[in-house]
Amino acid sequence: MEERIQALLQEVTSYAATDKQSIETFRLKYISKKGTLGELFEELKQLAPEQKKTAGKTLNQLKQAAEAKFAELNEQLQATPTASTDLDLTLPPIPNEIGNLHPLTLTKYRIIEIFERLGFNVADGPEVEDDWHNFSALNFPPNHPAREMQDTFFVEKSGGEKGDLLLRTHTSNVQIRMLENQKPPVRAIMPGRVYRNEAISARAHCFFHQVEGLYIDKNVGFADLKQTLYHFSKEMFGKDTKIRLRPSFFPFTEPSAEIDISCLICKGKGCNVCKHSGWVEIAGSGMVHPNVLKNCGIDPEEYTGFAFGMGIERVTMLRYQINDLRLFSENDIRFLRQFQSVM
Ligand code: PHE
């Protein structure tokens with residue numbers, strides 16, 4: 001009997017159970033009256049008195065070990081976090097509300113991607129600017145109409161008096177900031193927000209976005225400007241896109257040209273978007289005026305370059321066939337959600 005008890009003691013102390021079911025099996029087998037312990041106590045009664053004494057002692061040890069083990073197993077079960085039965089693992093997950101990029105951001109990223117492959121860096125500049133960087137250094141004459149209150153938001157000084165600061169009317173200010181700080185060659189695009197004091201309509205807003213492009217080096221010619229924008233248009237709008245350059249005027253470029261692309265909607269046949277001309281304007285451009293280079297301490301005899309300024313809203317409207325510019329700033333979730341799967 002002694003040996004059997006010792007063997008059981010071994011069994012009991014090494015018993016492992018991690019769920020309710022096997023702990024109950026343990027209880028029934030070793031602890032309950034009808035289990036092994038109960039049987040052994042019955043047998044104990046039949047033993048001779050001296051044997052009874054020693055066997056009784058070890059049997060009691062077994063009983064205590066079994067009860068301690070039972071308590072320990074229960075404690076372990078409670079401490080381990082298990083998939084409790086009141087969790088329904090078959091339920092579908094609660095959907096994660098993820099946002100999406102704004103269509104203007106999507107277009108900006110695409111523009112950056114195209115120009116980065118041509119070796120253009122991305123640069124940034126301030127939206128609150130001084131007269132020098134927004135106008136004077138860009139060769140605007142002192143009485144140029146663009147400087148007037150009609151177009152420009154001036155930042156007032158504390159007394160309400162007109163100060164030197166304004167909200168930039170174009171991203172061309174970053175051209176000046178770059179050229180002041182960096183020796184040519186310079187090849188960069190500069191995306192950002194600009195402000196103009198205009199009535200809000202389907203085609204105009206008091207703030208919008210532009211991407212400025214600038215390439216200054218030795219021997220940069222007009223053909224480089226044309227080829228760069230032609231490449232961009234095909235990448236952005238498809239390989240069949242044609243471009244057209246129309247003579248134009250900007251104080252900071254000479255010669256200047258407006259860039260049109262063939263209308264994507266009617267394929268050149270004429271529709272409302274292109275006002276039946278078959279062409280849509282996407283950018284202003286030109287060869288950087290020698291005065292601008294001089295204003296930044298660069299010798300125009302040594303260096304030449306081109307610049308362009310493109311409206312991100314315009315490109316986005318053509319890209320996704322959006323007909324009202326106000327949609328970009330109204331934050332209507334029904335409009336914005338349509339770009340969820342677009343990259
Ligand atoms: N800054 C001009 C505009 O806002 C665009 C432009 C940029 C034109 C660079 C020529 C060169 O209309």
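Start at 1 and go down the list; that is how both ligands and their atoms are numbered.
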- Query: So which protein heavy atom does atom 2 (C) of ligand 1 come closest to, and at what separation?
  - Reply: Phe252 CZ, 3.8 Å

- For ligand 1, is any non-hydrogen atom under 4.0 Å from His289's backbone (N, CA, C, O), its side chain (CB onward), both, or neither? neither

- Query: So is Ser285 polar-close to ligand 1, meaning N/O to N/O under 3.5 Å?
  - Reply: no

- Are Phe249 and Phe140 connected in a single hydrophobic cluster, I mean Ile/Leu/Val/Met/Phe/Trp/Tyr linked by side-chain heavy atoms less than 4.5 Å apart? no

- When clusters are formed from ILVMFWY side-chain contacts under 4.5 Å, directly or step by step, what else is grouped with Ile94? none

- Taking only heavy atoms of Gln210, which atoms of ligand 1 are found under 4.0 Å from at least one of them? 3 (C), 4 (O)

- Query: Cationic tip of Lys234 within the cone over Phe237's six-membered ring, i.e. under 6.0 Å and within 45° of the normal?
  - Reply: no

- The atoms of ligand 1 lying under 4.0 Å from a heavy atom of Phe308, numbered in the order shown, are 7 (C), 9 (C), 11 (C)

- Task: Consider every N or O of Thr169 and every N or O of ligand 1, then say whether any pair is closer than 3.5 Å.
- Result: no

- Task: Report yes if some N/O of Thr253 lies less than 3.5 Å from some N/O of ligand 1; otherwise report no.
- Result: no

- Task: Just say parallel, tilted or perpendicular for the rings of Phe26 and Phe70, cut-offs at 30° and 60°.
- Result: parallel

- For ligand 1, is Met310 a contact, meaning one of its heavy atoms is under 4.0 Å away? no

- Task: May I ask you to check whether Tyr215 and Phe306 place their ring centres under 6.0 Å from each other?
- Result: yes

- Proximity of Phe115 and Phe308 rings by center, below 6.0 Å: yes

- Task: Over 60° means perpendicular and under 30° means parallel, so classify the ring planes of His209 and Phe207, tilted if in between.
- Result: perpendicular

- Arg196 N/O to ligand 1 N/O under 3.5 Å: yes

- Item | Contacting atoms of ligand 1, where contact means under 4.0 angstrom from a heavy atom of Gly284 | 6 (C), 8 (C), 10 (C)

- Message: Show me which atoms of ligand 1 lie under 4.0 Å from any heavy atom of Ser172.
- Response: 1 (N), 7 (C)

- Nearest neighbour in protein (non-hydrogen) for atom 5 (C) of ligand 1: Gly309 CA, 3.9 Å

- Item | Heavy-atom check, side chain of Ile322 versus side chain of Phe328, under 4.5 Å | yes

- What atoms of ligand 1 come within less than 4.0 Å of a heavy atom belonging to Ala307? 9 (C), 11 (C)

- When the ring centroid of Phe252 is compared with that of His170, is the distance short of 6.0 Å? yes

- Taking only non-hydrogen atoms of Glu212 and a 4.0 Å limit, the atoms of ligand 1 in range are 7 (C), 9 (C)

